[in-house]
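A short write-up of the structure that comes next.
When a residue number appears, it is its place in the shown sequence, counting from 1.
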Amino acid sequence: MTPPVRHGRGRPGGRCAWPCGWPPAAGAPTVDRVTTLRGTLPPGCPDYVHLPFEVPAGTAELKVSYTYDRPSVPAGTPGNALDIGLFDERGAEAGGAGFRGWSGGARGGFFVRADDATPGYLPGPLNPGTWYVVLGPYTVAPQGLSYEVTVTLVPGAAGEAPAPVYPPERVPGRGRGWYRGDCHLHSWHSDGRRTPAGIAAAARAAGLDFVNSSDHNTCASHAHWADAAGGDLLVLLGEEVTTRNGHVLAVGTDPGIFVDWRYRARDGRWAHAAREIRRGGGLVVPAHPYADCLGCSWKFGFAEADAVEVWNGVWTPDDEVALAAWDGMLAASVRGDGAWLPAMGGSDAHRAPDVVGHPQTVVLAEELSRRAVLAGLRAGRSYVAESKAVALDLTVSAGSGERAGPGERLAVDAGTPVTVRLDVSGAPRCSARLVTDQGVVLRGGPLPVSGAGVVRWSTTAARAAYVRAELRHETALGPVPGAMAAFTNPVFVGAAAGA
């Protein structure tokens, strides 16, 4: 890597050189300090490059802009793509103590002041010391990637840092029930185009009761959601931790929690990051684990996960793979200690025409609160549906009256007859399927145009260690599954492992 070249002598066009005194003496003209950092990154360079610069006392505003070259490359060869972020004088080491913001490749520049900052960045004091621009060369062309970063420091009196106001953790008056939510959403605080208010409006239109803020590699949106929440919408706070070996949702963390992303699976740091999410009160949910975009598929394994996002946005082949892989994990769990991983769905909506709430996770919670919703998601008392129109009710019951739903266990002897019942509404011409550890055991015919129907099936624990339901749209391709309309987490049947 060519070391950065620093130019700290002002700009042409009337700006004078960096003065000897900083800030200027009383009555002296205001003079910006401008530093330019240039370099060239070769193919195979580190994932992240830290560019230090000095911030003197008396700095009121910090502005950064950057450009990089985009040479022509052969067809099929990645060109240059460069992300950017900022760490302050507390340091840029692993863990992110000095984190002040990340915009990835969504913006060509940003500013930070005590009282305000570009979306994706945190306002606050501009303390003197060594700060760092962090570059993330996402892809590098064979010719290399030449960059130029311009840092402008504006002297003056610092504004007053605002006290952050976060959304409430509970919606009063909402007791036990099924609540609909979308835990994978992006605002203009990362690479989305909607404001928090715009996302909230779309969520209400989609019939959602809760959403989770999940901007890429930043917690900067957390203090901008209070006005979007209300008596009909719970806002959870989190992050999409976007590493070079996959993405993971931190769902429902404490306000202001930041999770570092600068590692790969081979670095051995993922378990620590997952523990940080849990210490912050959140759930660890790998996102779109089989997506085929560069760096998107999940390479860290599922030992640290609390759930897994099986359905991401519009149903596509990688979701079909994720569903099959998840079902394989379910089957393996009944052979082991019984621990299993619940499935979730999220829209991953960034901008129109992405639909907020397609799909949505419907969770049984004791109340509409952060604590109760996360408990329901962690337990798998949930199903995933393509819209507010679709509703499922899956139960397994024994003759003695006991019954269990998704995420629960019906404890019966191996030979005890049980009845599986699936009630569906809002799914015209869709077909229901029941799936066990043996595979698909029942395929129902298309539902009537009313979209309502009931499916029943009898089995025993000896024949089915668990049962889950799928609801699919019709397809003209015969045995090839149609697009998903909804699916449930499993109901387990039989004595618990080790009992």
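- Scanning both residues, V356 and A206, for their nearest heavy atoms gives O-CB, 3.4 Å.
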When you look at V373 and L368, which way does the side chain to side chain contact (heavy atoms under 4.5 Å, CB included) test go after all the steps? CA-CA 7 Å; V373 167; L368 187 53; 4.2 Å; yes
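- Under the 4.5 Å side-chain criterion, counting only non-hydrogen atoms from C-beta, V248 is not in contact with F300.
- The side-chain tip of R100 does not point at the ring of F110 from less than 6.0 angstrom away and within 45° of straight on.
- How far CG of D83 is from CG of N217: 8.5 Å, rounded to the nearest 0.5 Å.
- Of the possible donor and acceptor atoms, none in the side chain of T395 sits under 3.5 Å from a partner among the backbone N and O of G405.
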Between L330 and D437, is a side chain to side chain contact (heavy atoms under 4.5 Å, CB included) present by the stated rule, with each step listed? CA-CA 8 Å; L330 292 178; D437 51 314; over 6 Å; no
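- Using a distance-only test at 3.5 Å, with no hydrogens or angles considered, no donor-acceptor pair links the side chain of S369 to the main chain of E169.
- Within the cation-pi definition used here (under 6.0 Å to the ring centroid, within 45° of the axis), R70 qualifies as a partner of Y68.
- Y179 contributes atom OH, which lies 14.0 Å from atom CG of L208 (distance to the nearest 0.5 angstrom).
- The shortest distance between side-chain heavy atoms of P342 and R378 does not fall below 4.5 Å.
- A donor-acceptor distance shorter than 3.5 angstrom exists from the side chain of N80 to the backbone of D69, with no hydrogens or angles considered.
- Residues R381 and P406 form no side-chain contact, since every pair of their non-hydrogen atoms from C-beta on lies 4.5 Å or further apart.
- Of all the heavy atoms in T253 and G238, the pair that sits closest is OG1-CA, 3.7 Å.
- Between L392 atom CG and R468 atom CZ the span is 12.5 Å, to the nearest 0.5 Å.
- Proximity of F111 to D116: side-chain heavy atoms (C-beta onward) are separated by under 4.5 Å at one or more points.
- Of the possible donor and acceptor atoms, one in the side chain of Y66 sits under 3.5 Å from a partner among the backbone N and O of L82.
- Interatomic distance, CD1 of I84 versus CZ of R107, reported as 12.0 Å (0.5 Å rounding).
- The environment of CH2 in W188 is sparse: at most 12 heavy-atom neighbours from other residues, nucleotides or ligands sit within 6.0 Å.
- Shortest non-hydrogen contact noted between P289 and F302 is CB-CZ, 4.2 Å.
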For T243 and R264, what are the C-alpha separation, side-chain angles and deciding distance, and is it a side chain to side chain contact (heavy atoms under 4.5 Å, CB included)? CA-CA 7 Å; T243 80; R264 294 194 185 202; over 6 Å; no
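- Of the possible polar contacts, none joining the D254 side chain to the G281 backbone as a donor-acceptor pair under 3.5 Å is found.
- Taking 4.0 Å as the cut-off between side-chain N and carboxylate O, E93 and R269 do not count as a salt-bridged pair.
- M484 is not listed as a side-chain neighbour of E386, based on a closest heavy-atom distance of 4.5 Å or more.
- Residue H272 qualifies as open at atom NE2: its count of foreign heavy atoms under 6.0 Å is 12 or below.
- Residue N127 places its CG atom among more than 12 non-hydrogen atoms of other residues, nucleotides or ligands, all under 6.0 Å distant.
- Listed by first and then second residue, the ring-ring contact (aromatic ring centres under 6.0 Å, His included) pairs involving residues 219-243 are H189-H224 (not counting sequence neighbours).
- Without hydrogens or angle criteria, R262 side chain to D47 main chain gives no donor-acceptor distance under 3.5 Å.
- Among all heavy-atom pairs drawn from W315 and V310, the shortest one is CZ3-O, 4.5 Å.
- A ring-ring contact (aromatic ring centres under 6.0 Å, His included) with F87 is found for one member of Y132, F99, Y48 and no other, namely F99.
- Judged purely by atom type and a 3.5 angstrom limit, E239 uses its side chain to pair as donor or acceptor with the backbone of V259.
- The distance from atom CD1 of I257 to atom CD of E276, rounded to the nearest 0.5 Å, is 7.5 Å.
- Ion pairing between E367 and R174 fails under the 4.0 Å rule for side-chain N and carboxylate O.
- The number of heavy-atom neighbours closer than 6.0 Å to CZ of R204, taken from other residues, nucleotides and ligands shown, is above 12.
- A salt bridge does not link K388 to D209: none of the charged side-chain nitrogens sits closer than 4.0 Å to a carboxylate oxygen.
- Taking each heavy atom of P123 and A114 in turn, the nearest pair found is CB-O, 3.6 Å.
- Looking at heavy atoms from C-beta onward, S397 lies out of side-chain contact with L410 at the 4.5 angstrom threshold.
- Judged purely by distance below 3.5 Å, without hydrogens or angles, the side chains of N212 and S214 never pair a donor atom with an acceptor atom.
- Checked against the 6.0 Å centroid threshold, W326 and W311 do not count as a close aromatic pair.
- Taking the six-membered ring for Trp and the full ring otherwise, the centers of F492 and W340 sit less than 6.0 Å from each other.
- Judged by distance alone, the side chains of Y466 and D327 do bring a donor and an acceptor atom under 3.5 Å apart.
- Side-chain atoms of H350 do not come within 3.5 Å of backbone N or O of S187 as any donor-acceptor pair.
- Side-chain atoms of D292 and D318, non-hydrogen and from C-beta on, never get closer than 4.5 Å to each other.
- Look at D354 and R194 and you find no salt bridge, because none of the NZ, NE, NH1 or NH2 atoms lies under 4.0 Å from a carboxylate O.
- A pairwise comparison of heavy atoms in V390 and A485 identifies CG1-O, 4.2 Å as the closest pair.
- Remark: R278 engages D306 in a salt bridge, criterion side-chain N to carboxylate O under 4.0 Å.
- If you take CD on Q360 and OG on S387, they are separated by 6.5 Å, rounding to the nearest 0.5 Å.
- For the pairing with S382, the side chain to side chain donor-acceptor pair (under 3.5 Å) check across N489, T488, T361 returns one residue only, N489.
- Between W261 and W102, the two ring planes are tilted [angle within 30° to 60°].
- The backbone N or O of H288 sits nowhere less than 3.5 Å from a side-chain atom of N312 that would complete a donor-acceptor pair.
- Between the side chain of S103 and the backbone N or O of G120, no donor-acceptor pair lies under 3.5 Å.
- Using bins of under 30°, 30° to 60° and over 60° for the plane-to-plane angle, the ring pair Y263/W270 lands in the tilted bin.
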Show your reasoning for whether side chain to side chain contact (heavy atoms under 4.5 Å, CB included) applies to D115 and E160. CA-CA 5 Å; D115 60 349; E160 184 176 351; 5.8 Å; no
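- Using a 4.5 Å heavy-atom threshold, the side chains of Y383 and L394 count as separate.
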